[in-house]
Amino acid sequence: MNFELTEDQKKIKESFARICDKEIAPRAEYIDKEAVFPKESIELLGKSGFLGMGFPEEYGGNPGDPITKALLGEELAKACASTYLSAGASAGLFAVPVWKFGTEVQKKKYLPSVLSGNNIGALAITEPHAGSDVMGIKTSARKKDKGWIINGSKTFITNGPVADYYVVVAYTDKEKKRDGISLFLVDNGTKGFSRGKPLEKLGVRGSPTSELFFDDCEIPEENLLGELNNGFYQLARTLTHGRIGMAVYSLGIAQACLEESMNYAQERTAFGRKLAYFQDIHFKIADMKMYIDVARELIYKAAWMLEQDDPQSILFASIAKLFTSEHATRIASDAVQIFGGYGFMKGYKVERLYRDAKLGEIGEGTSEIQRAIITKFVEDLY
Ligand SMILES: Cc1cc2nc3c(=O)[nH]c(=O)nc-3n(C[C@H](O)[C@H](O)[C@H](O)COP(=O)(O)OP(=O)(O)OC[C@H]3O[C@@H](n4cnc5c(N)ncnc54)[C@H](O)[C@@H]3O)c2cc1C
């Protein structure tokens, strides 16, 4: 087993980090404050090849291994969590199921424009009364002549107000429960489809989130994504990708907190000494470093297992997400503590990181749901 990054991985990481430092990070405070969607940054991520990394070249992708993708993702999340979240919802949560389960026509229609950053995608599962409990959704799709009629509503959808395309989860046969769920592609502008205003949020304010409404929304037959009534299982595969992506989100935030804390501890003085001299500060920084390094290894392992199609990747994606997100929240809290009163003030990066960190414990399945998944695997072992 070799834990060393290759020379290529180091080079790609360095050059992508430069793009993030120069083009993405300087806008992070503004897009958070004004709740502005960073469309130019998403286009830049398309041009740089980040969005298409690991996807087949014929659909606008480029070669890339899962470890390199995680390395770059960490740089992006460190620079701007909002940009990372919206990019991930588009080129991950939307594009992955299209790539894995779509027809040739669907892949050619949707992937090149989304992976280039010109168009934006979203994945719509959550409804006002059902988030963790996917089988509790009410949205339904009924067959009519040569098409489908969708009725229902969704909420908390990342990129909801700005997306061009949506993967929508709906019941096609409610009696069959999880074997009666299917995925559909809905283009913005389709008759009977509308979207709500951006919801006001605690964090990731530059990544717009909204409700979606389907009122006798009629889509063509060919907009069924993947196999009829197999949507629950397609979603499970998509969410394994998504959970690793969310773990990388938390990792980037945690690493940013560590770097901010180290710099501040060197600058700020109290009782005639730099903060960096105090043992309490050392302990916080040592814990940050320890949790971040363990999280990174967990993420790489989960990403590698998913690439191998290992069924245990579901377990390791949950472990990586749970560990990283819960420690990122703690690390962000400690970073604010190291900054004292300044950490509580707008305009200080750790204040934003603290707000952004919390989503890691909620999105792509809450911590409680990750624990339920892990327990299920443990039960199956004994
Ligand atoms: C900023 C943001 C972006 C999002 N983006 C998207 C998106 O792009 N697409 C999308 O579909 N959704 C999205 N979501 C929704 C997100 O996935 C859900 O909020 C999340 O899955 C939790 O669902 P819920 O909010 O309905 O909470 P609930 O499911 O109602 O859960 C409430 C509480 O009960 C706990 N709980 C529920 N069931 C159990 C159980 N079995 N055991 C123990 N505890 C349990 C939960 O862990 C939680 O603490 C987003 C949410 C946010 C905040």
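Note: hydrogens, waters and symmetry copies are ignored here, and every other heavy atom, side chains too, is used. All ligand and atom numbering here is 1-based and tracks the order in the structure. Given the structure is predicted, the values throughout are model-derived calculations rather than measurements.
Checked against the 6.0 Å centroid threshold, F94 and Y166 do not count as a close aromatic pair. A centroid separation of 6.0 Å or more is found between the aromatic rings of F3 and Y300.
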Under 3.5 Å, which donor-acceptor pairs link side chains of residues 222-235 to any protein atom two or more places apart or in another chain?
from : atom 1 : to   : atom 2 : distance (Å)
N223 : ND2    : L185 : O      : 2.8
N229 : OD1    : T172 : OG1    : 2.6
Y233 : OH     : D179 : OD1    : 2.8

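One finds no salt bridge joining E29 and K346 here, because no Lys/Arg side-chain nitrogen approaches an Asp/Glu carboxylate oxygen to under 4.0 Å.
Evaluation of the ring pair (Phe, Tyr, Trp, His ring centres under 6.0 Å) rule for F339 yields Y264 as partners, not counting sequence neighbours. Shown here are the ring pair (Phe, Tyr, Trp, His ring centres under 6.0 Å) partners of F156, two or more places apart in sequence or in another chain: there are none.
For ligand 1, residues of the protein lying within 4.0 angstrom by heavy-atom distance are L123, A124, I125, T126, G131, S132, F156, I157, T158, K201, L359, I362, E364, T366, E368, I369.
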